[in-house]
Amino acid sequence: MTLVRLLFYVMSFIAIASALYAALSKNLVRSIFIFFVTLFALAGLYVIALADFVAVTQVVIYVGGILVLILFAFMLSGKETLNVIQQQKGKFINMAKVPAVILAVLFLAVIVNIILKADADNLPWVKQAIAQNNEITPANSTIENIGVNLMTTYLLPFEAISVLLLMTLVGAAHLSRKEGSA
Amino acid sequence: MITLTDFLLVGALLFCTGIYMIVSKRNSIQVLIGIELMLNAAILNLVAFGKYDKLNNGGQVFALFAIVLAAATTAVALAIILNVYRRYKTIDPDEIKNLRD
């Protein structure tokens, strides 16, 4: 077992375990802070998949931006959010959650079945990419190539997403203004 | 060597955890965390397949786009949550039954 494989198992264990804890925890604050750990572990998985630029972006935007926003929402919405959690205490198995568990487990069974049947490692285009030496290896740096591609091949989606970001900026500012002040 | 199937299995587990959170939680912020988990599972799949595209970098570029989209979604969703809290004094999705009259 190589070191990379060991790191992959450690990272994926941390990611899945912390995601499960965030899902099962009844404490909202714990659930938010353990989500930090999930995001960092996922950034580690991206590094193992040889996408270092995506990993850095994940840390900057998700951990620096989205989680701070979620913390803001939690703090601004006050103690009412904690009252919901107080009501759920005491019951070990909550009957209302059984359908959710069944749905998630059945969906997992379907997805795992499809993944094992699809046999992604032997797909024709993946084999072709390996044969044509089109596979990213740990030796080469991808960041320069991403920058060039972003400004040439993917220029249209890039512009579209910039317009979308402007729209969300205006929309969020409009939604969160004080009522009646127009 | 880590195979594609390993990454896909991790992604599937994260996706199902996200589904469980969305369906079962009685708190809008935790539902939002579930949505973020599902998005991250999708991004993991994009990155894993993007390894086999050195020339065009399709997987990694679209993973970046997906991260930006997630940020935009979260900003709007949090503005909506704050508005709902101001109107109903709760953010439990089950309690919100009325439209604006």
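Note that this is a predicted model, so its numbers are computed, not measured. Worth knowing before you read on, the calculation uses all heavy atoms, side chains too, and leaves out hydrogens, waters and symmetry mates. Chain letters run A, B, ... following the sequence lines, proteins first and then strands; every chain starts at 1.
If you measure heavy-atom distances from B/Leu13 to chain A, the contacts under 4.5 Å come from both the backbone and the side chain. Interface residue B/Phe15: only side-chain heavy atoms are found under 4.5 Å from chain A. For a residue to count as touching a neighbouring chain, one of its non-hydrogen atoms must lie under 4.5 Å from one of that chain's; by this rule A/Gln128 does not touch chain B. Both the backbone and the side chain of B/Ala70 have a heavy atom closer than 4.5 Å to some heavy atom of chain A. Looking at A/Phe72, there are no atoms closer than 4.5 Å to chain B (heavy atoms on both sides), in backbone or side chain. Contact of B/Ile43 with chain A is made through backbone and side chain together, with heavy-atom distances under 4.5 Å. Only the side chain of A/Leu42 comes within contact range of chain B, with heavy atoms under 4.5 Å apart. For chain B, the nearby parts of A/Thr142 are the backbone and the side chain; heavy atoms of each come within less than 4.5 Å.
In terms of modelled atom types and a separation under 3.5 Å, the side chain of B/Asn83 and the main chain of A/Leu175 share a donor-acceptor contact. Checked by atom type and distance alone, the side chain of A/Asn145 pairs as donor or acceptor with a backbone atom of B/Lys54 at under 3.5 Å. Side chain of B/Lys51 to backbone of A/Ala51: no donor-acceptor contact under 3.5 angstrom is found. With B/Asp53 contributing its side chain and A/Asn134 its backbone, the two residues share no donor-acceptor pair below 3.5 Å.
Interface summary for chain A: among B/Val84, B/Leu44, B/Val76, the most heavy-atom pairs under 4.5 angstrom belong to B/Leu44. Ranked by heavy-atom pairs under 4.5 Å with chain B, the list A/Ile146, A/Val148, A/Thr152 is led by A/Ile146. Interface remark: of the candidates A/Ala55, A/Pro157, A/Ala173, A/Ser176, A/Pro157 forms the most heavy-atom pairs closer than 4.5 Å to chain B.
Under the side chain to side chain contact (heavy atoms under 4.5 Å, CB included) rule, B/Tyr20 has a single partner from A/Leu24, A/Ile102, A/Leu108, which is A/Leu24.
Checked against side chain to side chain donor-acceptor pair (under 3.5 Å), A/Ser12 has no partners two or more places apart in sequence or in another chain.
With hydrogens and angles left out, the side-chain atoms of A/Asp121 and B/Thr5 include a donor and acceptor closer than 3.5 Å.
Side-chain contact between A/Ile136 and B/Gln60 is present, with at least one heavy-atom pair separated by less than 4.5 Å. At a threshold of 4.5 Å between non-hydrogen side-chain atoms, the residues B/Leu39 and A/Tyr62 count as touching.
One distance of note links OG of A/Ser31 with CE of B/Met21; it measures 4.5 Å at 0.5 Å rounding. Annotation: the span from B/Asn40 atom CG to A/Ile66 atom CD1 amounts to 8.0 Å, rounded to 0.5 Å.
Residues of residues 110-119 of chain A having a heavy atom under 4.5 Å from any heavy atom of chain B, listed by number: A/Ile111, A/Val112, A/Ile115, A/Leu116.
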